[in-house]
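Some notes on the structure that comes next.
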Amino acid sequence: MTAGVREEPRETVRSRTPRRLPLPTLLAVLVGFAAVGYRLALLFADVPPTNSDEATMGLAALHIARGDGFPVWFYGQAYMGTLEAYLAAPLIALAGPSVLVLRLPTLALYALFLLLSWRLTRRLGGDRWYALLVVAVLALGADRVVKNQLIAGGGYPELNPAGAALALLTVGLCVTGAGARLPRWAAWGLIAGVLLWVDPLILPYVLTLGALLVAWRWRELAGRAGVVLAGALLLGTAPMLVDSLRHGRNPVSAVLAAGGTGASADWADRLYGGLVLGPPLAMGFCSPGRCATWQLWWALAFPVLLALAAFTAWHTLRRTWGGPRSVERVSAGVRLALLGGAAGVLAAYAVSNAAGRTPIESSRYLSCLAVAAPALLWPLWQAVRPLAEVESIKATGGRAAGARARVAGVEAVAVLAGVLGTGAATTVEVIRAAPAVHAEADRHRSLVDTLGALGVRHVRGGYWTCNRLTYATGENVLCAVVEDDLRPGFDRLPAYRREVAADPDAAWVALAGSPLAARLDARLGPEPGALDVVTVAGWRIYLPRR
């Protein structure tokens, strides 16, 4: 050893060498950044198109930011919690009201969903390449998918990350080992409670994952863990429970009424909308606003894959039954619970009237099927992996076993190629439609600017015009809803109607060429009490003549 120079142990030198990310992990990170970047670019292009329902959530966020109110429910109804409004309120307080600001929290929720799904896939026993596959599938962004993920219209953007978080916590709580378990029980209860307040669509997952915890951890739940879980669950549902007690409201009845219990749909229409159109729309295999016949292939593949994945998980549970609760056994149990939750979500939707009456739009109720992606794609990956080991399989199991492995692997590759290819094609269609959506948003901005230049503060318009206009102006313009025949419509905030009614100079706003515009055109004229019209970028503003 040279004098004055101390030679460090070889282990220390090695420990200082920077660790490189494994290739599949690095690719997953790149795919994740690309997926978030794609959605951020869509937001700057005003895609997906906004509407008055999203603006209603924006108005709730605006009121929270100003301290004017702290709503529990989506305005005008006694269900669907306003978590998105509370997430957006600090940003609106800083930057003012806009669709982009309202959607930044939903974009963050999507990024969190990708991260949690990658982690969940690894915890369920998937290797890094399989985790990359799951992230790639969830990165695709067809029309219905990006609407569910980005529109802050109530409930949908937060369901998937919360569902994945529940599944991850369930894995951690079921695996035997020491650790800070009470915080995990508290987190599970709090997330489940908040989900039940925000949107009960996630309930099938809560029930199946909760049943697994009861089955495997009932002794722990009989003690402090059960108390902590129950307390956290009550805390999460506190907004709903307190409001129900104060006002005598029943959110369960409100949800059932919203599902269409009063208007019956034919069972054939329900099953077609729920089982044929629903899965492809939820997976992101359909074009904007429609499903072509060739895009419905997932309706056949989905139930087969669901059954295969459930059989595989159940077979693993049976094989490991009676032994110690290994990671393999826990993985199979959680996968089975996720598949049961997905089946419950699909069944609940298929029997609803919404599936029969409005299948294209109401397919958003199936958005949380994506939570089960790591379990649903599992049998495909298990069939693909042996392709690299066919010769070894032939050596141990014979030529017939090798042939079966090759056939199963090729079929699985074909299905996965169909998943990625169809999803990529519909993602491209969203990009192609973006300029038209951006142009419509520009026309609406021109309407807002024109109303400001005219000094208009109160207007009447259609439902899909009013709250969007009011939010875009930061309540500088208030709008009361009217039907096409000029009768009063449904105002989610009745105070707006009272203020509009008190203004004798209140204007009217309608899309050019709409039935409402045709009715108002009949009132144009030079006499006092008639209307003057100002046309701007596809909109017509009707001003009372003095």
Side-chain angles (χ1 to χ4, degrees), residues 28-51 53-62 64-65 74 80-120 134-165 191 194-195 198-199 202 282 284 288 364 367-371 373 423 426-428 430-431 433-434 437-438 441 468 471-472:
V29 171
L30 293 177
V31 170
F33 274 113
V36 174
Y38 160 66
R39 285 160 175 79
L40 181 60
L42 290 182
L43 294 188
F44 279 109
D46 300 300
V47 179
T50 189
N51 55 48
D53 280 348
E54 183 175 29
T56 300
M57 189 65 76
L59 289 169
L62 184 64
I64 294 167
F74 196 79
M80 193 181 295
T82 49
L83 178 62
E84 292 164 18
Y86 285 92
L87 293 177
L91 297 177
I92 289 177
L94 291 173
S98 71
V99 176
L100 176 62
V101 168
L102 185 59
R103 290 178 175 178
L104 287 178
T106 65
L107 179 64
L109 287 171
Y110 167 74
L112 178 61
F113 175 52
L114 280 186
L115 177 62
L116 292 175
S117 295
W118 183 88
R119 180 58 179 163
L120 176 61
V134 171
V135 170
V137 170
L138 298 177
L140 299 170
D143 176 62
R144 184 68 266 168
V145 169
V146 296
K147 285 179 178 177
N148 295 336
Q149 293 167 347
L150 298 180
I151 291 179
Y156 307 105
E158 54 265 52
L159 290 182
N160 288 343
I191 293 172
V194 169
L195 283 177
V198 169
D199 199 323
I202 201 72
R364 65 187 185 274
S367 63
C368 51
L369 288 181
V371 175
T426 52
T427 300
V428 170
V430 172
I431 297 173
V437 177
H438 183 65
R468 181 185 179 188
Y471 175 67

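Heavy-atom basis, side chains included; hydrogens, waters and symmetry copies ignored.
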Can you check whether [X] reaches [Y] side chain to side chain, under 4.5 Å on heavy atoms?
X: Ile151; Y: Tyr156; result: no
X: Val31; Y: Trp118; result: no
X: Thr82; Y: Met57; result: yes
X: Arg144; Y: Thr426; result: no
X: Leu107; Y: Leu40; result: yes

Least distance between heavy atoms, [X] atom then [Y] atom:
X: Pro97; Y: Ile92; result: N-CG2, 4.1 Å
X: Ala35; Y: Ala139; result: CB-CB, 3.5 Å
X: Val198; Y: Glu158; result: CG1-OE2, 3.2 Å
X: Leu140; Y: Gly423; result: CD1-CA, 3.6 Å
X: Gly141; Y: Thr427; result: N-OG1, 3.0 Å
X: Ile191; Y: Ala165; result: CD1-CB, 4.0 Å

Of all residues at least two apart in sequence or in a different chain, which pass the side chain to side chain donor-acceptor pair (under 3.5 Å) check with Tyr471?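 Once residues adjacent in sequence are excluded, Tyr471 has no partner under the side chain to side chain donor-acceptor pair (under 3.5 Å) criterion.
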Looking at [atom1] of [X] and [atom2] of [Y], how far apart are the two atoms once the value is rounded to the nearest 0.5 Å?
X: Asp199; Y: Ser367; atom1: CG; atom2: OG; result: 8.0 Å
X: Leu42; Y: Ile431; atom1: CG; atom2: CD1; result: 7.0 Å
X: Leu120; Y: Leu115; atom1: CG; atom2: CG; result: 11.0 Å
X: Leu138; Y: Tyr110; atom1: CG; atom2: OH; result: 6.5 Å
X: Ile202; Y: Leu159; atom1: CD1; atom2: CG; result: 5.0 Å
X: Leu102; Y: Glu84; atom1: CG; atom2: CD; result: 7.5 Å

Set out, in order, the CA-CA distance, both residues' side-chain angles and the distance that settles side-chain contact (heavy atoms from CB on, under 4.5 Å) for Arg364 and Lys147, then state yes or no. CA-CA 8 Å; Arg364 65 187 185 274; Lys147 285 179 178 177; over 6 Å; no
Is Glu54 reaching over with its side chain to a backbone N or O of Ala152, donor-acceptor style, under 3.5 angstrom?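 Flag set: sc Glu54 to bb Ala152 pair under 3.5 Å.
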Answer yes or no: is there a donor N or O on one side and an acceptor on the other, between the side chain of Ser117 and the main chain of Leu114, under 3.5 Å?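 Between the backbone of Leu114 and the side chain of Ser117 there is no qualifying donor-acceptor contact (under 3.5 Å).
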Option from Asn148, Leu150, Thr106 for which side-chain contact (heavy atoms from CB on, under 4.5 Å) with Pro157 holds: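 With Pro157 as partner, Asn148, Leu150, Thr106 yield a single side-chain contact (heavy atoms from CB on, under 4.5 Å), made by Thr106.
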Could you go through the side-chain contact (heavy atoms from CB on, under 4.5 Å) check for Thr50 and Arg103 one step at a time? CA-CA 10 Å; Thr50 189; Arg103 290 178 175 178; 3.8 Å; yes
